[in-house]
Amino acid sequence: MTQKAILLIATAFGALTVAIGAFGAHALGPMLREADRVDTFETAVKYQMYHTLALLAVGLLLFRIEQPALQVAAWCFFFGILIFSGSLYTLCLTGITWLGAVTPLGGLAFILGWGALFYAVLKAL
């Protein structure tokens with residue numbers, strides 16, 4: 001993934017996170033409360049934003065650090081957002097509970113992303 005792609009994806013995810021959060025709070029609020037999924041939805045939005053910011057940081061670090069592990073971190077954050085937050089959003093909207101078994105794979109991608117980021121910074125400095 002190129003630096004430009006990382007930065008564009010991060011900024012798009014940032015806008016999408018705000019839109020999804022607002023949509024959930026307003027349009028989906030009654031449905032989420034009825035299904036007792038407000039906390040789950042909020043967790044998905046929070047983790048999406050945290051890792052969108054991490055993805056943005058990786059893109060910005062690429063201005064100063066040429067380290068292949070940054071690419072690994074970017075991909076891990078990208079897939080982590082899709083799998084972790086995506087599975088929780090789908091669970092909230094559909095009630096398909098087996099998706100809860102997929103969510104930890106996104107969490108694992110986040111952990112691997114942070115590990116790759118740690119390694120990249122360690123090697124670069």
Side-chain angles (χ1 to χ4, degrees):
M1 188 179 321
T2 67
Q3 180 184 25
K4 181 177 181 178
I6 292 168
L7 292 170
L8 288 172
I9 290 168
T11 56
F13 272 163
L16 189 61
T17 304
V18 174
I20 290 170
F23 186 70
H26 299 291
L28 298 178
M31 183 196 77
L32 293 172
R33 283 189 292 281
E34 184 179 315
D36 197 29
R37 295 280 185 209
V38 172
D39 289 344
T40 303
F41 194 86
E42 288 177 353
T43 297
V45 173
K46 283 190 276 189
Y47 275 73
Q48 182 174 339
M49 183 54 85
Y50 299 153
H51 291 89
T52 292
L53 294 172
L55 189 58
L56 182 63
V58 168
L60 294 174
L61 278 172
L62 283 166
F63 280 113
R64 304 294 253 155
I65 299 172
E66 286 190 37
Q67 184 55 241
L70 288 175
Q71 295 294 326
V72 173
W75 281 109
C76 288
F77 293 144
F78 175 77
F79 284 116
I81 289 168
L82 294 182
I83 297 167
F84 185 90
S85 294
S87 66
L88 291 180
Y89 294 139
T90 305
L91 169 66
C92 290
L93 296 173
T94 66
I96 300 172
T97 56
W98 66 263
L99 285 167
V102 175
T103 306
L105 296 175
L108 179 60
F110 288 151
I111 293 166
L112 292 173
W114 286 107
L117 183 53
F118 177 88
Y119 179 81
V121 171
L122 180 68
K123 286 302 199 179
L125 301 178

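Just so it is clear, the model here is predicted, and its values are computed rather than measured. Note that the numbering runs from 1 along the sequence shown for the chain.
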Show the nearest heavy-atom pair for residues [X] and [Y], with the distance to one decimal.
X	Y	answer
P104	G100	CD-O, 3.2 Å
C76	A109	CB-O, 3.2 Å
A73	A116	N-CB, 3.7 Å
F77	L55	CD1-N, 4.1 Å
T52	T17	OG1-OG1, 3.9 Å

Would a 4.5 Å heavy-atom cut-off, applied to side chains only, mark [X] and [Y] as touching?
X	Y	value
F63	L7	yes
Y47	I81	no
Q71	I6	yes
V58	W75	no
L93	R37	no

Test side chain to side chain contact (heavy atoms under 4.5 Å, CB included) applied to V18 and M49, step by step: CA-CA 8 Å; V18 174; M49 183 54 85; 4.1 Å; yes
Report whether [X] and [Y] are members of the same hydrophobic cluster (ILVMFWY, side-chain heavy atoms less than 4.5 Å apart, transitive linking).
X	Y	value
L61	F118	no
V38	V45	yes
L28	L91	yes
F79	I9	yes
L70	Y119	no

side-chain hydrogen bond (donor to acceptor under 3.5 Å, both in side chains): pairs with one or both residues in residues 107-118, sequence neighbours excluded: H51-W114
Residues forming a side-chain hydrogen bond (donor to acceptor under 3.5 Å, both in side chains) with S87, sequence neighbours excluded: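 T103.
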side-chain hydrogen bond (donor to acceptor under 3.5 Å, both in side chains) partners for Y89, two or more places apart: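 Q48.
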Donor-acceptor under 3.5 Å (T11 side chain, L8 main chain): yes
CG on L32 to CG on D39, rounded to 0.5 Å: 10.5 Å
From CG (L88) to NZ (K46), nearest 0.5 Å: 11.5 Å
